[in-house]
Amino acid sequence: MTATVTTDPEVDKSTDAGTSRGTGGARRRLPRIPDRIRQGGLPYLLLLPAVLLELLVHIIPMVIGIVMSFRQLTQFFINNWGAAPWTGLDNYSIAVDFDAPIGEALLHSFFVTCVFTFFSVGFAWLFGTAAAILLQESFRGRGFLRAVFLVPYALPVYAAVITWAFMFQRDNGLINHVLHDQLGITDEPSFWLIGDNSIYTLIIVSVWKGWPFAFLMLMAGLQNIPRELYEAASIDGAGIWQQIRRITLPSLRPVNQVLVLVLFLWTFNDFNTPYVLFGKSAPESADLISIHIYQSSFVTWNFGTGSAMSVLLLLFLLVVTAVYLFLTSRGRKGADV
């Protein structure tokens with residue numbers, strides 16, 4: 001007796017469409033279209049919230065600021081800034097006219113910011129490097145010191161700067177109490193938040209706030225240096241300073257290249273520190289460009305000129321960053337060769 005098997009042509013078609021013949025005649029099921037979309041598009045779907053936030057927080061305001069720099073946007077057009085007259089490059093001409101009061105004040109603020117950034121970044125890197133090297137060796141209490149050194153970086157910026165502002169008060173501040181009342185170094189209590197001393201106050205607070213980040217980055221970089229290099233150098237008679245010069249600093253060069261750039265950008269754009277210390281109007285010796293742009297925009301209500309200054313600052317930082325990356329990449333390639 002023979003059995004007959006009947007097949008449905010529609011079932012065969014659906015089976016053939018859902019499978020493909022692989023090696024050895026075995027049938028392999030093809031992934032469905034939704035599966036492909038889910039597998040290939042999931043990473044982009046996860047990145048979508050970050051992209052939207054980046055657009056809302058940075059990209060769109062930056063584009064609006066660039067558009068505002070080409071308009072005569074003052075307090076008369078706050079309700080409808082789109083109705084502000086189109087001025088072209090007039091705001092930029094006013095900002096870079098260094099013979100006029102506005103341009104002269106902007107140039108002075110730029111030089112003050114350069115001096116402030118140079119000393120702040122330099123001392124922050126120096127203190128961070130020294131602390132990272134000193135705490136590299138194992139000793140009792142090293143973990144506690146590492147935690148204490150990171151406290152300025154962990155504290156909220158406003159709370160830390162407000163504390164420093166109270167310490168630098170002339171009549172009842174801790175700084176004058178120690179320098180004048182206890183040590184007798186100064187003849188009379190000094191003004192630290194106004195006058196020429198304000199730049200020193202700003203640098204001290206900025207260094208105190210920024211050097212723990214340099215310490216953290218350099219301490220992580222030191223973990224990648226083999227201990228055998230120091231042992232071999234010690235056997236060859238190299239002292240501690242020769243080891244730092246010949247082993248530590250060259251090995252930390254990639255970390256320092258990124259660290260210096262990040263510290264420069266953070267410090268040059270710093271707004272919170274001078275604003276909390278001095279308020280809306282910083283002293284002339286501590287008139288950073290971030291505060292100057294804020295005054296030009298929100299104090300004098302000249303948003304067009306303030307936006308033009310912001311765009312010029314952005315272009316300057318982009319050029320400095322590009323030149324720095326070009327020079328450091330050439331130096332790295334030369335060292336590899």
Side-chain angles (χ1 to χ4, degrees), residues 101-102 104-128 130-131 144-145 147-215 263-264 266-301 306 309:
I102 295 178
E104 183 180 0
L106 180 63
L107 184 62
H108 172 267
S109 177
F110 174 76
F111 283 126
V112 170
T113 308
C114 290
V115 173
F116 161 72
T117 303
F118 176 79
F119 285 103
S120 297
V121 173
F123 283 117
W125 177 85
L126 182 62
F127 293 157
F144 174 75
L145 288 178
V148 170
F149 286 170
L150 293 177
V151 168
Y153 184 66
L155 284 176
V157 175
Y158 282 89
V161 178
I162 288 174
T163 303
W164 276 103
F166 280 112
M167 292 172 61
F168 278 110
Q169 293 292 327
R170 180 182 185 273
D171 297 328
N172 53 6
L174 178 62
I175 304 299
N176 280 334
H177 176 70
V178 173
L179 295 179
H180 176 69
D181 299 337
Q182 294 187 346
L183 300 180
I185 297 177
T186 58
D187 297 333
E188 59 181 1
S190 303
F191 289 97
W192 293 103
L193 299 178
I194 59 175
D196 296 336
N197 291 332
S198 58
I199 185 62
Y200 304 115
T201 302
L202 190 60
I203 292 174
I204 291 172
V205 177
S206 178
V207 171
W208 178 87
K209 183 169 59 72
W211 80 267
F213 176 75
F215 163 69
L263 289 176
F264 167 77
W266 284 356
T267 307
F268 208 95
N269 278 319
D270 191 10
F271 174 81
N272 295 328
T273 303
Y275 182 80
V276 176
L277 279 177
F278 309 120
K280 297 181 180 180
S281 58
E284 185 177 0
S285 63
D287 185 24
L288 299 186
I289 196 168
S290 57
I291 290 293
H292 188 83
I293 293 175
Y294 172 82
Q295 292 175 347
S296 300
S297 300
F298 295 96
V299 176
T300 63
W301 296 88
M309 294 178 182

**Item:** Candidate pair Phe215 and Tyr153, rule side-chain contact (heavy atoms from CB on, under 4.5 Å), full reasoning
**Value:** CA-CA 10 Å; Phe215 163 69; Tyr153 184 66; over 6 Å; no
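- Judged by distance alone, the side chain of Asp287 and the main-chain N or O of Ala282 form no donor-acceptor pair under 3.5 Å.
- Using bins of under 30°, 30° to 60° and over 60° for the plane-to-plane angle, the ring pair Trp164/Trp208 lands in the perpendicular bin.
- Remark: Glu284 CD is loosely packed, at most 12 non-hydrogen atoms of other residues, nucleotides or ligands lying under 6.0 Å away.
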**Asked** So Phe271 and Ile293, side-chain contact (heavy atoms from CB on, under 4.5 Å) or not? Walk me through it.
**Response** CA-CA 10 Å; Phe271 174 81; Ile293 293 175; over 6 Å; no
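- Proximity of a side-chain donor or acceptor of Thr163 to a complementary backbone N or O of Ala159 within less than 3.5 Å is detected.
- Within 6.0 Å of atom CG in Asn272, more than 12 heavy atoms from other residues, nucleotides or ligands are found, so the atom counts as buried in its surroundings.
- Looking at heavy atoms from C-beta onward, Gln169 lies in side-chain contact with Leu193 at the 4.5 angstrom threshold.
- Not a single donor-acceptor pair under 3.5 Å links the side chain of Ser198 to the backbone N or O of Ile194.
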Show every donor-acceptor pair shorter than 3.5 Å between a side-chain atom in residues 114-125 and any protein atom, with sequence neighbours excluded, or say none if there are none.
residue : atom : partner : partner atom : Å
Thr117  : OG1  : Thr113  : O            : 2.7
Ser120  : OG   : Phe116  : O            : 2.8
Trp125  : NE1  : Asn256  : OD1          : 2.7

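- Residue pairs meeting the ring-ring contact (aromatic ring centres under 6.0 Å, His included) criterion with at least one partner in residues 184-207, sequence neighbours excluded, are Phe168-Trp192.
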Could you tabulate the donor-acceptor pairs under 3.5 Å formed by side-chain atoms of residues 177-184, not counting sequence neighbours?
residue : atom : partner : partner atom : Å
His177  : ND1  : Asp181  : OD2          : 3.2
His177  : NE2  : Gln182  : NE2          : 3.2
His180  : ND1  : Thr186  : O            : 2.9

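- Using cut-offs of 30° and 60° on the angle between ring planes, the pair Tyr294 and Tyr275 is perpendicular.
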